[in-house]
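Order of listing sets the numbers, starting from 1, for every ligand and every atom in it.
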Amino acid sequence: MKHLLSIESLSAAELHEILDLAVEMKATRGHHAEHPLRHQCWGLIFSKSSTRTRVSFEVGIRELGGDVMFLSSNDIQLGRGEPIEDTARVMGRMLHGAVIRTFAQLDVEQFAQFSGIPTINALTDEEHPCQILADLQTIREKLGSFEGKTIAFVGDGACNVPRSWIWAAIRLGFNLRIAAPESFQPDPMFIGRLGSDRIQVTASVEEAVAGADVLYTDVWVSMGRESETAYRMAQLEKYQINAALLEKAKPGALVMHCLPAYRGKEISADVFEQHAETIFTQAENRLHAQKAILSLLVRR
Ligand code: CP
Ligand code: NVA
């Protein structure tokens, strides 16, 4: 594994390797035997806002012995139109690794190619792999395993988070149901090409959550989609995770949210608070899962 660009590009063995090391990272925080990023400087190149991803990478890189530099795209020439290929070739001669949050998946892939340094996707419009790895770690902690489980994603089924969930389900052998209105469902051609009976897409939120082990949601308005806010609110109104919906899931089902959360929109305030332990464990596990990714990228 040279880069971490998507869940799609990882094998089941690689996913398990990251998750196993994430458990070890969590157990040994504060007294790691190795500091694999010693004498290294990593760059965080972000074109979108972030709380969790930025903090967890900055802390994680330092805990592994490295130094880190946060580079908002507004502050570097990338924001004034310098091509990604040129930015990458410059960074590749100075930094030891890069963590990139941006819009196009192609930009992360080109950065990896042109820089030659380990590159991590910290969210694009297409995938959010680090989030899903932390979520898988959380499900393992809370339910023992994810194999054979049913995860119901409710809300904007066409954005980055459900896309990464789809690839995780394909690779790891759990069932994924996506409940979204037609205009927010993943491309049917893409789902058809996958040819997997583990992935079900429906407009019926009740059908998706019936007996599910996990209910999962994400914001209705992803970064970069702000101009569509009114349309999205109207379309997604019926796709809220709330107490009535939760009753249809398996008793004791987990409720998960990648955060930030908008109470009264994709999740009701009471359900959010009742499941805050799980939701903030997801956030914490970003640190541990990403330290596992960083370690594996520099070990090879
Ligand atoms: N879940 C997540 O990626 O959060 P941030 O946008 O705050 O990094
Ligand atoms: N789908 C959301 C995820 C935020 C972590 C977005 O892209 O804004």
Review point. With only distance considered, is R101 within less than 3.5 Å of ligand 2 through an N or O on each side?
Key: no

Exercise for review: Please determine if D218 has a nitrogen or oxygen closer than 3.5 Å to a nitrogen or oxygen of ligand 2.
Suggested key: yes

Review point. Does L259 have a non-hydrogen atom less than 4.0 Å from ligand 2?
Key: yes

Point to revise | Heavy-atom gap R286 to ligand 1 smaller than 4.0 Å | key: yes

Review point. Checking R163 against F190: charged group under 6.0 Å from the ring centre and within 45 degrees of the axis?
Key: yes

Exercise for review: Note the single closest protein heavy atom to atom 4 (O) of ligand 1, along with its residue, its atom name and the distance in Å.
Suggested key: R52 NE, 2.8 Å

Review point. Quick one: nearest non-hydrogen protein atom to atom 7 (O) of ligand 1, plus distance?
Key: T51 N, 2.7 Å

Revision key, fill the gap. Counting heavy atoms under 4.0 Å, the part of L259 that contacts ligand 1 is backbone

Point to revise | Proximity of H128 to ligand 1 by residue part, where a heavy atom lies under 4.0 Å | key: side chain

Exercise for review: Give the residue and atom name of whichever protein heavy atom lies nearest to atom 6 (O) of ligand 1, and the separation in Å to one decimal.
Suggested key: R101 NH1, 2.8 Å

Exercise for review: Establish, yes or no, whether the cationic atom of R89 lies under 6.0 Å from the six-membered ring centre of F114 and within 45° of the ring axis.
Suggested key: no

Point to revise | Residue pair W165, F146: steps toward the ring pair (Phe, Tyr, Trp, His ring centres under 6.0 Å) verdict | key: CA-CA 12 Å; W165 272 116; F146 39 75; 8.8 Å; no

Exercise for review: In sequence, state the C-alpha distance, the side-chain angles, and the governing distance for Q137 and K26, and then conclude on side chain to side chain contact (heavy atoms under 4.5 Å, CB included).
Suggested key: CA-CA 10 Å; Q137 182 180 2; K26 191 164 184 172; 3.9 Å; yes

Exercise for review: Check whether the side chains of S6 and S9 place a donor and an acceptor atom closer than 3.5 Å, and report yes or no.
Suggested key: yes

Review point. Do any nitrogen or oxygen atoms of S222 lie less than 3.5 angstrom from nitrogen or oxygen atoms of ligand 2?
Key: yes

Practice item. Among E109, H128, E127, find the residue that satisfies the side chain to side chain contact (heavy atoms under 4.5 Å, CB included) test when tested with N121. Key: E127

Practice item. Considering heavy atoms of the protein only, find what lies nearest to atom 8 (O) of ligand 2 and give residue, atom and distance to 0.1 Å. Key: M223 N, 2.8 Å

Revision key, fill the gap. Atoms of ligand 1 under 4.0 Å from any heavy atom of C258, numbered from 1 in the order shown, are 1 (N)

Check your understanding: Take atom CD in E34; do more than 12 heavy atoms of anything else shown fall under 6.0 Å from it?
Key -> no

Check your understanding: What is the closest protein heavy atom to atom 7 (O) of ligand 2, and at what distance does it sit?
Key -> N160 ND2, 2.8 Å

Practice item. List every atom of ligand 2 that sits less than 4.0 Å from any heavy atom of C159, numbering the atoms from 1 in the order shown and giving each element. Key: 1 (N)

Exercise for review: State whether the number of non-hydrogen atoms from other residues, nucleotides or ligands found under 6.0 Å of K248 atom NZ is greater than 12.
Suggested key: no

Review point. Hey, does the Lys NZ or Arg CZ of R177 hover above the aromatic six-ring of F153, less than 6.0 Å from the centre and inside 45° of the axis?
Key: no

Review point. Can you tell me the protein heavy atom closest to atom 4 (C) of ligand 2 and the distance?
Key: L123 CD1, 4.0 Å

Check your understanding: For ligand 2, which atoms, with element, lie under 4.0 Å from some heavy atom of V219?
Key -> 2 (C)

